[in-house]
Amino acid sequence: MILQWYSLNKRDLPWRRTSDPYKIWLSEVMLQQTQVETVIPYYEKWINHYPTIKSVALENIDNLLKIWEGLGYYSRCRNFHEAIKDIFYNHKGVIPKQIEDFKSLKGVGVYISGAVMSIAFDQTHIAVDGNQSRIIARVLGVKNQTSRNLKRINNYLTKLVKEGNPSEINQALMDMGSNICKSNKVICVDCPFHFSCKAFQSGHPLSYPKKILPKTIPTKTIAAALVSHGDNIFITKRPLKGLLGGLWELPNIELVNGEIPEDLLKIKLADQFGLTIKVGHKLGMINHTFTHFKMNVLLYNCQAKDQPLSKNTEKWVSFSDLNQYAFSKANHKLFKLVELRND
DNA sequence: TAGTCGTGGGG
DNA sequence: TCCCCAAGACT
């Protein structure tokens, strides 16, 4: 039933035109919490630049992040790079076919290990993502994400993939989840499961599984500095771990309780970078929302006395050379602010 | 285990 | 404009 549905409704996606486990793995990494349409151009660009495991292993993280720029969740890129290097240097460049070995690689968790082993190697493993858990929760009439219910869902899926063709079954469930059994919209009449689906029988399929109520997120206010010296501006690289790890940015500081941005910038930039600056007028303000906080960023035009460099995580670059570095979306909004003023 | 970690599309 | 959501992993 489900395979018949898949043969009629299968999406034609770039990573479905290959059997290369490296490419299938890359697609799974990019698709984490990210929509298919968003991923496609990033996937194509990455594969064009890095068609093989070796090409990734020999590349440096800055250039990989430049390809990843704008896709978000940047630790995925770094973890993938680490895993690929691990394979190149410690596994003779061959992706492990034992799921335990594969799952021990950085950034490879329960879902991706099952997905790659089943899709690329036809192994009998489940690949429980948001789609699969939602669909089966509805089939079983499960509302709460208790550990008992998660086991029931896993058992149901395990039985399903054991009936044959785990690769197609796993991908079919993903397409069902994105087409007919979405979080806030269902087309039950088109679903191969609907005769036995408890959520469908209840008449309220959307109430399965129960939604988790979102918590309110804080708003931060940040002052950023466009520090110029001649034709160059000052940028700095964020630490590899944590938020936007490894990306470049304009120097900035959070305003905690009514501090005066001009004063704080002058002190902090001297402190952190040895920069002696004159803070000029405000260039504008941008808003940006992350998963767990919002921020308002005030941008100030600043002039530096000279161009000191104390670390390799600091650079003076011309405005036209900024595109060689990976920046977060918020920084691009700041750059746009500057361009608009110069027009 | 609950927080952390981005961004863009669509209602 | 705001809010939910989209093929999770790590700590």
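Order of the sequence lines fixes the chain letters, A, B, ..., with proteins taken first and strands second; residue numbering starts at 1 for each chain. Because only heavy atoms are used, hydrogens play no part in the values below, and waters and symmetry mates are left out as well, while side chains stay in.
Here A:T289 lies in heavy-atom contact (under 4.0 Å) with a base. Among the atoms of the strands shown, only primed sugar atoms or phosphate atoms (P, OP1, OP2) are found under 4.0 Å from some heavy atom of A:G70.
Checking each of A:D129, A:L157, A:V128 against A:L173 for a side-chain contact (heavy atoms from CB on, under 4.5 Å) leaves exactly one that passes, namely A:L157.
Here A:S183 reaches the OP1 or OP2 of C:dC5: one of its side-chain N or O atoms lies under 4.0 Å away. Contact between the side-chain N/O atoms of A:Q35 and the OP1/OP2 oxygens of B:dG9 is not found at any separation under 4.0 Å. Regarding contacts with the backbone of B:dT7, a side-chain N or O of A:H288 is found under 4.0 angstrom from either OP1 or OP2. A close approach under 4.0 Å does not occur between any side-chain nitrogen or oxygen of A:H292 and OP1 or OP2 of B:dT4.
Taking the six-membered ring for Trp, A:W68 and A:Y42 have ring centres at least 6.0 Å apart. Aromatic ring centres of A:F195 and A:F200 lie farther apart than the 6.0 Å criterion allows. Aromatic ring centres of A:W316 and A:F234 lie closer together than 6.0 Å. Separation of the A:F102 and A:W25 ring centroids falls under the 6.0 Å cut-off.
Contact check for A:V142 versus A:Y208: no side-chain heavy atoms found under the 4.5 Å cut-off. Side-chain contact between A:Y22 and A:Y50: present, with at least one pair of heavy atoms (C-beta onward) separated by less than 4.5 Å.
The separation between A:Y74 atom OH and C:dG8 atom C1' is 17 Å, rounded to whole Å. Between the C1' atom of B:dG6 and the CZ atom of A:R76 lies a distance of 8 Å, rounded to the nearest Å. For A:K185 and B:dG9, the NZ to C1' distance is 15 Å, given to the nearest whole Å. Residue A:W25 contributes atom CH2, which lies 22 Å from atom P of C:dA7 at whole-angstrom precision. Computed from coordinates, the A:K329 NZ to B:dG9 C1' distance equals 13 Å when rounded to whole Å. To the nearest angstrom, P of B:dC5 lies 12 Å from CE of A:M295.
One donor-acceptor pair, N or O on each side, does fall under 3.5 Å between the base of B:dG6 and the side chain of A:T34. A donor N or O paired with an acceptor N or O is not found under 3.5 Å between the base of B:dG8 and the side-chain atoms of A:T38.
Considering all non-hydrogen atoms of both residues, A:N170 and A:H125 come closest at ND2-O, 3.0 Å.
Among the nucleotides B:dG3, B:dT7, B:dG8, the one closest to any side-chain atom of A:K215 is B:dG3. Among the nucleotides B:dT7, C:dC4, B:dC5, the one closest to any side-chain atom of A:N184 is C:dC4. Among the nucleotides B:dC5, B:dT7, C:dA7, the one closest to any side-chain atom of A:N131 is C:dA7. For A:L243, taking side-chain heavy atoms from C-beta onward, the closest of the listed nucleotides C:dC3, C:dA7, B:dG6 is B:dG6.
Using the six-membered ring where Trp is involved, A:F293 and A:F290 have ring planes that are tilted, between 30° and 60° apart.
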Identify all pairs in which a protein N or O lies below 3.5 Å from an N or O of nucleotides 9-11 of chain C, and state each distance.
{"unit_1": "C:dA9", "atom_1": "OP1", "unit_2": "A:G109", "atom_2": "N", "d": "3.2"}
{"unit_1": "C:dA9", "atom_1": "OP1", "unit_2": "A:I112", "atom_2": "N", "d": "2.9"}
{"unit_1": "C:dA9", "atom_1": "OP2", "unit_2": "A:Y111", "atom_2": "N", "d": "3.2"}
{"unit_1": "C:dC10", "atom_1": "OP1", "unit_2": "A:G107", "atom_2": "N", "d": "2.6"}

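Taking hydrophobic clusters as Ile, Leu, Val, Met, Phe, Trp and Tyr residues chained together by side-chain heavy-atom distances below 4.5 Å, A:V227 does not share a cluster with A:I235.
Remark: the separation of the P atoms in C:dA7 and B:dT4 is 23 Å, to the nearest Å. Between B:dG8 and C:dT1, the two C1' atoms lie 15 Å apart (nearest whole Å).
Of the residues in residues 139-154 of chain A, none has a non-hydrogen atom less than 4.0 angstrom from any atom of DNA chain C.
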